[in-house]
2 protein chains.
Amino acid sequence: MKVSLEHFFANRFTDADNEIPEVVQYFKPLKVAKDELLLESGMVCHSLYFIVSGSLKTSFIDAKGQETIRHVAFENQFLSSLHSFIKQTASTEFIYAIEASELQFISYNDFQKLISETTLFRDFYIKMLETTYLNNHWRIETFLRLSAKERYEYLLTHKKEMVQRLSNKNLASYLGITQESLSRIKAKK
Amino acid sequence: MKVSLEHFFANRFTDADNEIPEVVQYFKPLKVAKDELLLESGMVCHSLYFIVSGSLKTSFIDAKGQETIRHVAFENQFLSSLHSFIKQTASTEFIYAIEASELQFISYNDFQKLISETTLFRDFYIKMLETTYLNNHWRIETFLRLSAKERYEYLLTHKKEMVQRLSNKNLASYLGITQESLSRIKAKK
DNA sequence: CTAAAACATTGACAAATGATAAAAAATCAC
DNA sequence: GTGATTTTTTATCATTTGTCAATGTTTTAG
């Protein structure tokens, strides 16, 4: 599947669609291989990525040295190490391509410029923060009161793409459980 | 402890502080008793609350009928059922006062008005979404790779006020564990 | 102040998940 | 295509957390 940045804005921000060319010109294309590192923990994240095709993840290394996946994004979604990007401070997480991916990215400076100069991008930024909020919200709810098995079933029902496109290893990490537990959960169904 | 809305804005939004009186006039005072309900699940949340003194929580009822606390706020913080408030759709959660509290609240209409009319409030709204993001971020991280005991210790170190001001019942609910487990965790220290 | 209700603690046991190890299966690099 | 590497599955056992029940403690309503 392949999507475009123009369509993304045209479909969602009809009020200020005359500003689309102005906004889109600041994005640069980038192709990355499967498993390619886009941001190292400890570095400042300078880019916000739009996914044309493929998938990205943000992750950190836990106390036991295991990679733990905090967020995953597919086509038509944006991803960054948001805290680092917004504040231009060192990131506590990595960004990796999960699959080979085509991206469009914008630098922090151009991002700021567009925020101050265009209504479209300001609306987009608020919308992005809201979407991020909703995403984190359901994720916290699933952790608060669902067992590992129920969290897996929640993804199967509500986020099927994640189950289909992530390896067991990545999926287990995203669910906050071990690979072995996930394997058992899947076997029991 | 008691704080004021004027100080909140004056301390954080120095760029546009001439707009503070314009913004503050739309907030109305409200006193609520301990355990008082401010928003019922299924209703549309019409208010954003600033806490002058006391504390509020947002919670939902899980599959087993247990109250589960998603978020807690103290003095000098804002709280709402944000999804419901932003989209003016039915809330999936309740808002309760934990302690007797003094609040200042703004209606959705006045909120929208201030967003469109003042730089201060637009800046504030983005800041609020960012703060919310950071809060959800650490919460997800603690769920992903920490045990119940480690999550409790995390709160002790980084959010001591929560441990001090919440009942065991509320704290256990916020941590996503049973009261009994929390009681045992505390006893073992 | 007192009785009732809510909350907190403790114990015994059950269920879920993690740790470790080993084997099977899939994927990758050349 | 083949051997090496990584991922997935399976099994056993240990640990954590939940469930249920009983009891002690604190808070609340009148």
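Protein chains get the first letters and strands the later ones, always in sequence-line order, with residue 1 at the start of each.
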(message) I need the NZ-P distance between B:K34 and C:dA6, as an integer number of Å.
(response) 13 Å
(request) Using a heavy-atom cut-off of under 4.0 Å over every strand shown, decide if A:S167 touches base, sugar-phosphate, or nothing. (result) sugar-phosphate
(request) Would you mind reading off the distance between A:N168 atom CG and C:dA24 atom C1', rounded to a whole angstrom? (result) 14 Å
(message) Quick check: B:F50 with B:F8 (ring centres under 6.0 Å apart)?
(response) yes
(message) Quick check on the hydrophobic clustering: are A:L166 and A:L182 connected, directly or via other members, by side-chain heavy-atom contacts under 4.5 Å?
(response) yes
(request) Could you please name the option among C:dC7, D:dT8, C:dT10 that lies closest to any side-chain atom of B:K169? (result) C:dC7
(request) Let me know the distance between CZ of A:R151 and P of C:dA16, rounded to the nearest Å. (result) 14 Å
(request) Check whether NZ of the Lys or CZ of the Arg A:R139 lies under 6.0 Å from the centre of the six-membered ring of A:Y174 and within 45 degrees of that ring's axis. (result) yes
(request) Would you mind telling me which of C:dT17, C:dT9, D:dT9 lies closest to the side-chain atoms of B:E180? (result) C:dT9
(message) Given C:dC28, C:dC7, C:dT10, identify the nucleotide with an atom nearest to the side chain of B:A187.
(response) C:dT10
(request) Between C:dA8, C:dT17, D:dT8, spot the one nearest the side chain of A:A148, thanks. (result) C:dT17
(message) Without decimals, in angstroms, what is the distance between B:R184 CZ and D:dT16 C1'?
(response) 10 Å
(message) Can you tell me how the ring of B:F78 sits relative to the ring of B:F124, calling it parallel under 30°, perpendicular over 60° and tilted otherwise?
(response) tilted
(message) In this structure, how many angstroms lie between the P atom of D:dT8 and the NZ atom of A:K186, rounded?
(response) 8 Å
(message) Does D:dG18 have OP1 or OP2 under 4.0 Å away from a side-chain N or O of B:T178?
(response) yes
(message) Among C:dA8, D:dT8, D:dT28, which nucleotide has an atom closest to any side-chain atom of A:Q179?
(response) D:dT8
(request) Could you tell me the separation between the CD atom of B:Q66 and the P atom of C:dC7, rounded to a whole number of Å? (result) 11 Å
(request) Ignoring the backbone of B:S181, work out which of D:dT17, D:dT8, C:dT17 is nearest its side chain. (result) D:dT17
(request) May I ask you to check whether B:Y26 and B:F111 place their ring centres under 6.0 Å from each other? (result) no
(request) Look at the side chain of A:I177 and decide which nucleotide, out of C:dA16, C:dG18, D:dG18, has an atom nearest to it. (result) C:dG18
(request) Please state how far atom NZ in B:K149 lies from atom C1' in D:dG18, giving the value in whole angstrom units. (result) 18 Å
